[in-house]
Amino acid sequence: MSKKYRMIHDENLCIGCQACSVACRSENDVPDDIFRLQVRVETKGTFPNLKMDMRRQSCVMCEDAPCVEVCPTKASFQTSDGVVHVDESTCVSCKYCIVACPYNARFMNPVTKAVDKCTFCYSNRVKKGLDPACVTVCPTDALVFGDISDTSSEVYKKANENNLLYPKAHLGTKPKVAFVPNKRGVSYE
């Protein structure tokens, strides 16, 4: 039976340290000046009434992935367990998938000359039973990853203990990355 991978980013635990981004760069040989993932800090309000939201920016592994649908060579594809990949050997760099991605999560890799993005470290870690690099280095456990269909998994427990939000859920792409919204600080929404 295929696993149903999910990642949850808890904005209440995230401190914006960028350890996840550094681990990703190191693990996946991401070239300088581009990112597979970042945590972006959004500050709202005026001092002393401030609120800082930590927003993860990466591929959200859509179940209904627009990037896969538009790829003319099938270089963008989805594994049986729902992880979206790019086969750089068949990518023709047409950039259709970059345009189709509503999450701004894809980019041209200047080294491979193919489209690149977060892969949940699928080939180099997850297939070996390890967590993605970003999850392993998070000092506050703001990232949880695993098989959501496994009722004993941390990701299952986190999902059932929190009200999860999904990025741009109104688009119907069914992301596999969710977040626990920030409840710290002054609310301005």
(message) Surrounding OH of Y96 (heavy atoms of other residues, nucleotides or ligands, distance under 6.0 Å), is the total greater than 12?
(response) no
(request) Measure the spacing between OG1 of T79 and NZ of K3 and express it to the nearest 0.5 Å. (result) 12.0 Å
(message) Centre-to-centre under 6.0 Å for F145 and F120, is that the case here?
(response) yes
(message) If you compare all heavy atoms of V111 against all heavy atoms of N109, which two are closest, and at what distance to 0.1 Å?
(response) N-OD1, 2.8 Å
(request) Grab the two heavy atoms, one from N12 and one from D10, that are nearest each other, plus how far apart they are. (result) N-OD1, 2.9 Å
(request) Hey, could you give me the CD/CZ distance between Q18 and F35, rounded to the nearest 0.5 Å? (result) 8.0 Å
(request) Look at the side-chain heavy atoms of Ile, Leu, Val, Met, Phe, Trp and Tyr, link any pair under 4.5 Å apart, and say whether V68 and V60 land in one connected group. (result) yes
(request) Carefully, step by step, assess R106 and S76 under the rule side chain to side chain donor-acceptor pair (under 3.5 Å). (result) CA-CA 11 Å; R106 289 171 166 248; S76 287; 2.9 Å; yes
(request) Measure the SG-CD distance between C118 and Q38 for me, rounded to the nearest 0.5 Å. (result) 13.0 Å
(message) A side-chain contact here means heavy atoms from C-beta on lying under 4.5 Å apart; do V180 and K158 qualify?
(response) yes
(message) Do R36 and T119 have side chains that approach each other closer than 4.5 Å (heavy atoms only, starting at C-beta)?
(response) yes
Donor-acceptor pairs under 3.5 Å, side chain of residues 125-135 to any protein atom, not counting sequence neighbours: which ones?
unit_1 : atom_1 : unit_2 : atom_2 : d
R125   : NE     : D131   : O      : 2.6
R125   : NH2    : D131   : O      : 3.3

(request) Measure the shortest side-chain to side-chain distance between C121 and N28 over non-hydrogen atoms and say whether it is less than 4.5 angstrom. (result) yes
(message) Under 4.0 Å between a side-chain nitrogen and a carboxylate oxygen: does that hold for K74 and D87?
(response) no
(request) Of all the heavy-atom pairs spanning Q78 and V84, show the shortest one and how long it is. (result) NE2-CG2, 3.8 Å
(request) For residues D150 and Y156, determine if any side-chain heavy atom of one lies less than 4.5 Å from a side-chain heavy atom of the other. (result) no
(message) Between T90 (side chain only) and T73 (backbone N and O only), is there a donor and an acceptor less than 3.5 Å apart?
(response) no
(message) Minimum heavy-atom separation for K176 and E63, please, with both atom names.
(response) NZ-CA, 3.2 Å
(request) Given side chain to side chain contact (heavy atoms under 4.5 Å, CB included), test D116 with E88 step by step and report yes or no. (result) CA-CA 8 Å; D116 202 352; E88 66 183 44; over 6 Å; no
(message) Under 4.5 Å between side-chain heavy atoms, counting indirect links through other Ile/Leu/Val/Met/Phe/Trp/Tyr residues: same cluster for F77 and I98 or not?
(response) no
(message) Test your reading of the model: is there a side-chain donor-acceptor pair from K4 to the backbone of S149, 3.5 Å cut-off?
(response) no
(message) I need the minimum non-hydrogen distance between I148 and R6, along with the two atoms involved.
(response) CB-CG, 3.4 Å
(message) Could you tell me if the side chain of S80 sits less than 4.5 Å from the side chain of S2, heavy atoms only?
(response) yes
(request) Please name the pair of heavy atoms, one in S153 and one in D147, separated by the smallest distance, quoted to 0.1 Å. (result) OG-O, 3.0 Å
(message) Please report the interatomic distance SG(C20) to NE2(H9), rounded to the nearest 0.5 Å.
(response) 6.5 Å
(request) Kindly indicate whether the side chain of M7, heavy atoms from C-beta on, has any atom under 4.5 Å from the side chain of R56. (result) yes
(message) Do V177 and Y122 sit in one hydrophobic cluster, given that two such residues count as connected whenever their side-chain heavy atoms are within less than 4.5 Å of each other, even indirectly?
(response) yes
(request) Look at the side-chain heavy atoms of Ile, Leu, Val, Met, Phe, Trp and Tyr, link any pair under 4.5 Å apart, and say whether V39 and L143 land in one connected group. (result) no
Exercise answer: donor-acceptor pairs, residues 165-175 side-chain atoms, under 3.5 Å, sequence neighbours excluded:
unit_1 : atom_1 : unit_2 : atom_2 : d
K168   : NZ     : P102   : O      : 2.4
T173   : OG1    : Y103   : OH     : 2.7
K174   : NZ     : D64    : OD2    : 3.2

(message) Please report the interatomic distance CZ(R55) to SG(C14), rounded to the nearest 0.5 Å.
(response) 11.0 Å
(message) Could you tell me if the side chain of M52 sits less than 4.5 Å from the side chain of N182, heavy atoms only?
(response) no
(request) First locate atom CG of L37, then atom CD of Q57, and finally report the distance between them rounded to the nearest 0.5 Å. (result) 9.5 Å
(request) May I ask you to test the P31-D33 pair for a side-chain heavy-atom distance under 4.5 Å? (result) no
